[in-house]
Asker: 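I have a structure here, written as structure tokens, and I will follow up with some questions on it.
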Amino acid sequence: MIGMIMFGVAMLMLMAGFPVAFTFGGVALFFGIYAEGMDLFAFMPFRIMSVMQNTVLMAVPLFIFMGVVLQRTKLAEQLLTSMGRLFGGLPGGLAISTILVGALLAASTGVVGASVVAMGLISLPVMLAHKYDKRLATGTICASGTLGQIVPPSIILIILGDVIGIPVGDLFKAAVWPGVVLIGLYIAYILILTRLKPETAPAMPQDPSHSRKQEVVSALLAIIPPLALIVIVLGSIFSGIATPTESSALGGVGAVVLALIYKQFSFKMVWDSAKDTVKVTAMVFAILIGATAFSMVFSYTGGDYLLEEWLHMLPGGQWGFIILAMLVILILGFFIDFVEISFIIVPILAPIAEAMGINMLWFAILIAMNLQTSFLTPPFGFSLFYLKGVAPPEVRTVDIYRGIIPFILIQILVLALIVIFPEWFGMSSTY
Amino acid sequence: AQDTFTLRLAETWGPNFPIFGDASKNMAKMAEEMSDGRLRIRIDSANKHKAPFGVFDMVKAGQYDMGHSASYYWKGKVPNTLFFTSMPFGMNAMEQYAWFYHGEGMELMQEVYNPHNLMSFPGGNTGIQMGGWFRKEIKSVEDLQGLKMRIPGFAGEVFAEVGVSPTNIAPGELYTALERNTIDAVEWVGPALDLRLGFQQIADYYYTGWHEPATELQFLVNKKTWEKLPADLREILRVSMRLASYEMLVQSQHENAKAWASIQEEYPNVQIKKFPDEVFQAMKEANDKLLKEAAAGDELAAKIVKSQQEYLEQSRAYTDISERAYLNTMGEVE
Amino acid sequence: MRWIIKLDEGLARLSNLCGWVACIAMILMAVNVFYDVVSRYAFNEVSIGMQEMEWHLYSIVFLFGIPYALRTDGHVRVDVFYTNWSNKAKAWVNLVGAVIFVLPFAYLIATYGYAFALDSYSMGEGSGDPGGLPHRYLIKSVIPITAFFIATAGLGMITYALRVMSGEKSYASEHSAGGLA
Ligand code: NA
Ligand code: NA
């Protein structure tokens, strides 16, 4: 029960405004010492070491570095505003461009901290400068930065494949359509919203001296170099030159090369970019370390056993089971991170599902969709913290909390569609 | 009433890792039942302690009473731990168990773990491990030059000697790396566990094994914990560990046979290959050279290598006229 | 008050030094990974030592970055109330938080991290993989070293809060809550 009380206390303490990472760590410390004694923290160096040796997370500093360089050299702005111009007088062009760039990044990495921060650096200043509504802007970035979890290659899918025992390739294939539908619905939402409330996402100003055709041509020309960078990153993965993690280094070095080509390069620019990168990276990893202390105390004080007990009380019946299981994962996702859920909850649910004759591939995709949502749900959604960490002070935590809601609803809608109409996504609910 | 003891065990694997994880669960179950609940073993998997390769340190320091892992993982900390899992061109499972329990194996292993306040016991055998998944066929030593392969530890050193480039890839990226030719080959375990990672979907050549003929896991016990236990519970623990490891060998045979049948049926692309003789010859020479180097630098290492080689020689002579003769005969009458 | 200002400035220099180390590691890491990709793809050469160097550098980036970000207020806060509070109230939050959260946390990580690194040193631990890096205690000792600097950065939060309380400094002027984007 201590674990549950600890969640409540942490939530209250966060409101005081002390840095999130140390609030997590500090609250864990008090509860940990109270319940288990000081020596529980002898596990901490091991947990920090496991973050240090988790080389997949190297993508975080490297992608952030790419984002910072693109931002400092104004190449990101050039990419997005030109893409926005292509939409002509249509409002919401920047938001749609952001979703498309987010989808591209999603296909190269599955590390949420990396893509949310990079997307925040690249597109938040541009959207704010063009008078976008803060909530729409931050919601779009968090949602599109989190796409990497469902769009393959994805860490969630790899972990689920391992925990449930399904070949990763099958999972990757099955996740493609849900990912595409999600991206499509995000864009549809922007189109509908801007039709109803054009002031939330003003159209890019058009230059009256240029014809539409001239404008399209100049926009296309401006898009090519930064887009080429993204294509290099993606291409290096698809051609096998680099692993997804390594591709992020190609992105960082490539951004510096682009800066050289555009005569934006200086050693000071690189050094300042490194400084920003270090600051943001430290913010992301401090949260990971604070959270690992938190989850350590949660599980060593018996929180995992308690959860297990509760789960075994789930009722039978295929539909009742699916709906309740999804609700449980969704609610737990508010508090616990996806790796914990994959390892604690899924091993309990999977055998029950299998015994009911549920198609495990379908079940895994449902869980993956659901876990992706957990990154976005207030108050503990990590994507929200990450974006807040790079946002200018006038963007408040509350703006981000509110901005993400429509996107969470879209994700729940897609989840419901996969539950009810699996055949639309090339799957079946039973064998 | 007699005292009850609850021991905490940290294992290197995740919570529902098949076969390996079953060995520790079986052991815990037997110990609890045989002791009528006086000896409980609570298992924490890697998701809980987050330190799959810190099991040695955590049991050494007493943060856990027991561990379930594999001895060769500690090679970087204590080089002589290498010898108690499986050696390239070494003993098969039957021969190695005989060495442990009737030869000098247990004694030598204890000599290595003693200074670290630890006891080590055999903890379950996978049987022979497969030689790995390759995307292209290996026809000569030439084909191995610059071949990028995920192959860790001592076997990686042997491969490196014959020209392979051992490569580190995060486990989460292995599938993608092999699929997209970032690397050319992957060594994992055997059909049952390999099937879960899906390598059969992306690589056609499945090579037979040589580098881990009898991979033995280990149970680690903190010495203070062991000394704290009354004599009857110690014996129950010892027997449970021994029986659980035998059970794992049997289960591995069963699961691998089942998995192999399903690979054959569902993935006709997969072909079984054996490295050419010249490749084996080169690897054997590399292996002997590395072992000689290890023995030259350390007295205890020399003693272990000598014991293993002498035992293998004697044991293999009998295996040749018994198991091998039988299998050969079976091959001929088919 | 004079000595508090002196102390605060000294502590700030320590945190900035950490930031400097992390920046160097950041640039080296990008070059390291890039080099490894090129040498593997173009020259078919793989060095596990170089591959391990990647995570050594990456660990230095985020571990040394944490005290630096503490000083530069880079760690994200939930600002539902915080932004609207006066400098004095903010100073109290930071002072109390540093005393009850940051310092004890740093103390525990430093103590247990020291034992962790020492054990590695006494065994002469190195990589178990072919061509891997020796002296693993070096990278493991970054954990207690960072904890030490987190503690000095925590002290710096306290001294800075005292300066704010005395009216000599304010949070708005020197500290920007994120705001990179
Ligand atoms: Na992805
Ligand atoms: Na293996």
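Quick note on labels: first sequence line is chain A, next is B, and so on, each numbered from 1. Note that the structure is a prediction, hence the values are computed from the model and not measured. Just so you know, these numbers use all the heavy atoms, side chains as well, and skip hydrogens, waters and symmetry mates.
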Asker: Please classify the contact between A:S123 and chain C as side chain, backbone, both or neither, with a heavy-atom cut-off of under 4.5 Å.
Answerer: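 Neither part.
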
Asker: Please examine the side chains of A:I48 and C:Y112, heavy atoms only from C-beta on, and report whether any two atoms are closer than 4.5 Å.
Answerer: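 The answer is no, as the side chains (C-beta and beyond) never meet within the 4.5 Å cut-off.
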
Asker: I'd like to know which of A:V256, A:L57, A:N54 tops the heavy-atom pair count under 4.5 Å against chain C.
Answerer: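 Sorted descending by pairs with chain C, the first entry is A:L57.
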
Asker: Mind checking whether A:I289 and C:I66 have side chains closer than 4.5 Å, heavy atoms only?
Answerer: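 Of all side-chain heavy-atom pairs linking C:I66 with A:I289, at least one is under 4.5 Å.
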
Asker: Looking at every non-hydrogen atom in both residues, tell me the closest pair between A:K279 and C:G74 and how far apart they are.
Answerer: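 That would be CE-CA, 3.9 Å.
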
Asker: Give the intermediate values and the outcome of side chain to side chain contact (heavy atoms under 4.5 Å, CB included) for residues A:T55 and C:E54.
Answerer: CA-CA 8 Å; A:T55 50; C:E54 293 175 5; 5.7 Å; no

Asker: Might you point out which heavy atoms bring C:H75 and A:P19 nearest each other, and give the distance in Å?
Answerer: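 Scanning both residues completely, I find the closest heavy atoms to be CB-CB, 3.7 Å.
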
Asker: If you count heavy-atom pairs within less than 4.5 Å of chain A, which of C:W55, C:F81, C:Y82 leads?
Answerer: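 The option with the most such pairs is C:W55.
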
Asker: Could you go through the side chain to side chain contact (heavy atoms under 4.5 Å, CB included) check for C:I109 and A:F41 one step at a time?
Answerer: CA-CA 7 Å; C:I109 305 281; A:F41 288 84; 5.9 Å; no

Asker: Check whether more than 12 heavy atoms from other residues, nucleotides or ligands sit under 6.0 Å from atom CE of C:M53, and answer yes or no.
Answerer: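 No, CE of C:M53 has 12 or fewer neighbouring heavy atoms, counting only those of other groups under 6.0 Å.
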
Asker: With only heavy atoms counted, which part of C:Y41 is less than 4.5 Å from chain A, the side chain, the backbone, both or neither?
Answerer: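 Side chain of C:Y41 only, per the 4.5 Å heavy-atom cut-off to chain A.
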
Asker: Indicate the atoms forming the closest heavy-atom contact of C:V76 with A:G389, along with that distance.
Answerer: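 C:V76 and A:G389 have their closest heavy atoms at CG2-N, 3.7 Å.
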
Asker: Heavy-atom distance under 4.5 Å to chain A: side chain of C:I60, backbone, both or neither?
Answerer: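 Contact with chain A involves no heavy atom of C:I60 at all.
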
Asker: Check each atom of C:L108 against the heavy atoms of chain A and say whether the ones under 4.5 Å are side chain, backbone, both or neither.
Answerer: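 The answer is the side chain of C:L108.
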
Asker: Can you tell me which portion of A:L384 sits under 4.5 Å from chain C's heavy atoms? Options are side chain, backbone, both or neither.
Answerer: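 The answer is neither part of A:L384.
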
Asker: Report yes if the side chains of C:V78 and A:F18 come closer than 4.5 Å at any heavy-atom pair, otherwise no.
Answerer: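 When only atoms from C-beta onward are counted, A:F18 and C:V78 do not touch, as no gap falls below 4.5 Å.
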
Asker: Between A:V126, A:L250, A:T397, A:L387, which has the largest tally of heavy atom pairs under 4.5 Å with chain C?
Answerer: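 Among A:V126, A:L250, A:T397, A:L387, the one with the most close pairs to chain C is A:T397.
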
Asker: Search all heavy atoms of A:A249 against all heavy atoms of C:V33 and return the closest pair with its distance.
Answerer: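 Smallest heavy-atom distance, with atoms named: CB-CG1, 3.4 Å.
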
Asker: Under 4.5 Å heavy-atom distance to chain C, tell me which part of A:V284 shows up: side chain, backbone, both or neither.
Answerer: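 When you check distances to chain C, no heavy atom of A:V284 falls under 4.5 Å.
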
Asker: So which part of A:V20 gets closer than 4.5 Å to some heavy atom of chain C, the side chain, the backbone, both or neither?
Answerer: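 For A:V20, backbone and side chain are both near chain C.
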
Asker: Checking C:F116 against chain A: side chain, backbone, both or neither under 4.5 Å from a heavy atom?
Answerer: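 Side chain only.
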
Asker: CZ of A:F46 to CD1 of C:I143: how many Å apart, nearest 0.5 Å?
Answerer: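 It is 9.5 Å, given to the nearest 0.5 Å.
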
Asker: Is A:M38 in contact with chain C via its backbone, its side chain, both, or neither, using a 4.5 Å heavy-atom distance?
Answerer: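 Both backbone and side chain of A:M38 come within 4.5 Å of chain C.
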
Asker: Is it the backbone or the side chain of A:F30 that comes under 4.5 Å from a heavy atom of chain C, or both, or neither?
Answerer: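 Side chain of A:F30 only, per the 4.5 Å heavy-atom cut-off to chain C.
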
Asker: With a 4.5 Å cut-off on side-chain heavy atoms, are C:R77 and A:F385 touching?
Answerer: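 No, their side chains stay 4.5 Å or more apart.
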
Asker: Chain A heavy atoms under 4.5 Å from C:I150: which part of the residue, side chain, backbone, both or neither?
Answerer: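 The side chain, not the backbone.
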
Asker: Could you state the interatomic distance from CZ (C:F62) to CE (A:M283), rounded to the nearest 0.5 Å?
Answerer: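 It comes to 14.5 Å.
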
Asker: For C:N16, is it the side chain, the backbone, both or neither that has a heavy atom under 4.5 Å from a heavy atom of chain A?
Answerer: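 Contact with chain A involves no heavy atom of C:N16 at all.
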
Asker: For A:I241, does its backbone N or O pair with a side-chain atom of C:R40 as donor and acceptor, under 3.5 Å?
Answerer: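 Between the backbone of A:I241 and the side chain of C:R40 there is a qualifying donor-acceptor contact (under 3.5 Å).
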
Asker: Using the benzene-type ring in the case of Trp, are the ring centres of A:F285 and C:Y58 under 6.0 Å apart?
Answerer: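 So the answer is yes for these two rings.
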
Asker: Closest approach of C:V37 and A:A242, non-hydrogen atoms and distance?
Answerer: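 So the two residues come closest at CG1-CB, 4.1 Å.
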
Asker: Side-chain contact, heavy-atom cut-off 4.5 Å: C:R136 with A:M49?
Answerer: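 Yes, at least one pair of side-chain atoms sits under 4.5 Å.
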
Asker: Is there a side-chain contact between C:F34 and A:L62, using heavy atoms and a 4.5 Å cut-off?
Answerer: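 They are not in side-chain contact.
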
Asker: At their closest point, which heavy atom of A:V253 faces which heavy atom of C:A30, and how far apart are they?
Answerer: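 Residues A:V253 and C:A30, closest heavy atoms: CG2-O, 4.2 Å.
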
Asker: Quick one: which of A:G17, A:S248, A:G26, A:P61 has the most heavy-atom pairs under 4.5 Å with chain C, could you say?
Answerer: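 Of the options given, most contacts go to A:G17.
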
Asker: Top residue by heavy-atom pair count (under 4.5 Å) with chain C, among A:S236, A:G25, A:A28?
Answerer: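 It is A:G25.
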
Asker: What part of A:V60 gets within 4.5 angstrom of chain C, counting heavy atoms only: side chain, backbone, both, or neither?
Answerer: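 For A:V60, there is no contact with chain C at all, as no heavy atom is under 4.5 Å.
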
Asker: What part of A:A293 is in contact with chain C, defined as an atom under 4.5 angstrom from a non-hydrogen atom: side chain, backbone, both or neither?
Answerer: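 For A:A293, side-chain heavy atoms alone lie under 4.5 Å from chain C.
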
Asker: Quick check for you: to the nearest 0.5 Å, what is the distance between A:M44 atom CE and C:F105 atom CZ?
Answerer: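 The distance works out to 4.0 Å.
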
Asker: Less than 4.5 Å apart, any side-chain heavy atom of A:F24 and any of C:F101?
Answerer: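 A:F24 does not reach C:F101 side chain to side chain.
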
Asker: Checking heavy atoms, do the side chain of C:W85, its backbone, both or neither come under 4.5 Å from chain A?
Answerer: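 Answer is side chain: those atoms of C:W85 sit under 4.5 Å from chain A.
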
Asker: Would you check, one step at a time, whether the test side chain to side chain contact (heavy atoms under 4.5 Å, CB included) holds for C:M26 with A:W271?
Answerer: CA-CA 10 Å; C:M26 169 65 226; A:W271 182 251; over 6 Å; no

Asker: Between chain C and each of A:G290, A:G252, A:A282, A:G240, count heavy-atom pairs under 4.5 Å; write down the option with the most.
Answerer: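 Most heavy-atom pairs within the cutoff with chain C belong to A:A282.
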
Asker: A:L14 versus chain C, heavy atoms under 4.5 Å apart: side chain, backbone, both or neither?
Answerer: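 For A:L14, the contact with chain C is made by backbone and side chain together.
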
Asker: Counting only non-hydrogen atoms closer than 4.5 Å, does A:M58 touch chain C with its backbone (N, CA, C, O), its side chain (CB onward), both, or neither?
Answerer: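 Answer is both: backbone and side chain atoms of A:M58 are under 4.5 Å from chain C.
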
Asker: Which atoms of A:I33 are under 4.5 Å from chain C, going by heavy atoms: the side chain, the backbone, both sets, or neither?
Answerer: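 A:I33 touches chain C through side-chain heavy atoms alone.
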
